[in-house]
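Following: one structure in structure tokens, then a few remarks.
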Amino acid sequence: QVQLVESGGGLVQPGGSLRLSCEVSGSSSSFLLMAWFRQAPGNQRELVARISAGGTTKYADSVKGRFTISTDNAKNTMYLQMNNLKAEDTAVYYCNRNGGDWGQGTQVTVSS
């Protein structure tokens, strides 16, 4: 059974940075597609960024130029580098593997 564990969330001021991590473990840690989603209170869960096994990336328009998704296959870990954070980035961030496996989420709060 595959497990995904997110970390790196927290409270940051507007304009600040955070790096989220998603460690994948289990019987088969390989992937076709990994992604970060987020869900703010009262909103639906939305795609933030995704990366294919071949390294192709896609970002939501709202985070283009500020967020960077990457993977370290040796560590079975996916990252989301978030720069120039805005209040509207406040949400619980979830990692997803192959569209089916989810982590428990990590809270990101952007506030002064």
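These values consider heavy atoms only, across backbone and side chains, with no hydrogens, waters or symmetry-generated copies.
With rounding to the nearest 0.5 Å, the separation of CD in Q44 from CD in Q39 is 8.5 Å. One distance of note links OG1 of T68 with CG of L80; it measures 8.0 Å at 0.5 Å rounding. The CG atom of L18 sits 9.0 Å away from the OH atom of Y93 when rounded to the nearest 0.5 Å. In this structure, L85 CG and T109 OG1 are separated by 10.5 Å, a value rounded to the nearest 0.5 Å. Of the inter-residue distances, the one linking L11 atom CG with Q107 atom CD reads 9.5 Å to the nearest 0.5 angstrom.
Looking at every heavy atom in both residues, S17 comes nearest to N83 through OG-OD1, 2.9 Å. Taking every heavy atom of both residues into account, S112 and P14 meet most closely at N-CD, 3.7 Å. Here the shortest heavy-atom pairing between G9 and V108 reads CA-CG2, 4.2 Å.
Applying the salt bridge (charged side-chain N to carboxylate O under 4.0 Å, His left out) rule to pairs touching residues 58-74 yields D61-K64, R66-D89, sequence neighbours excluded. For residues 46-87, no pair satisfies ring pair (Phe, Tyr, Trp, His ring centres under 6.0 Å), with sequence neighbours left out. Screening residues 41-54 for salt bridge (charged side-chain N to carboxylate O under 4.0 Å, His left out) gives R38-E46 as the qualifying pairs, with residues at least two apart or on separate chains. For residues 98-107, the salt bridge (charged side-chain N to carboxylate O under 4.0 Å, His left out) pairs, not counting sequence neighbours, are R97-D101.
Using modelled atom types, one side-chain atom of E6 and one backbone atom of Q104 make a donor-acceptor pair closer than 3.5 Å. With T71 contributing its side chain and N73 its backbone, the two residues share no donor-acceptor pair below 3.5 Å. The backbone N or O of A35 sits nowhere less than 3.5 Å from a side-chain atom of N96 that would complete a donor-acceptor pair.
Within the hydrophobic cluster formed by Ile, Leu, Val, Met, Phe, Trp and Tyr side chains joined at under 4.5 Å, directly or through other members, V92 is accompanied by F37, L47, Y94, W102.
Both V12 and V48 are part of a single hydrophobic cluster, where members link through side-chain heavy atoms under 4.5 Å apart.
Inter-residue side-chain proximity for V24 and M34 is flagged as met; some heavy-atom pair is nearer than 4.5 Å. Side-chain contact check for I69 versus M78: some heavy-atom pair is nearer than 4.5 Å.
Scanning for side chain to side chain donor-acceptor pair (under 3.5 Å) contacts around Q3 gives an empty result, with sequence neighbours left out.
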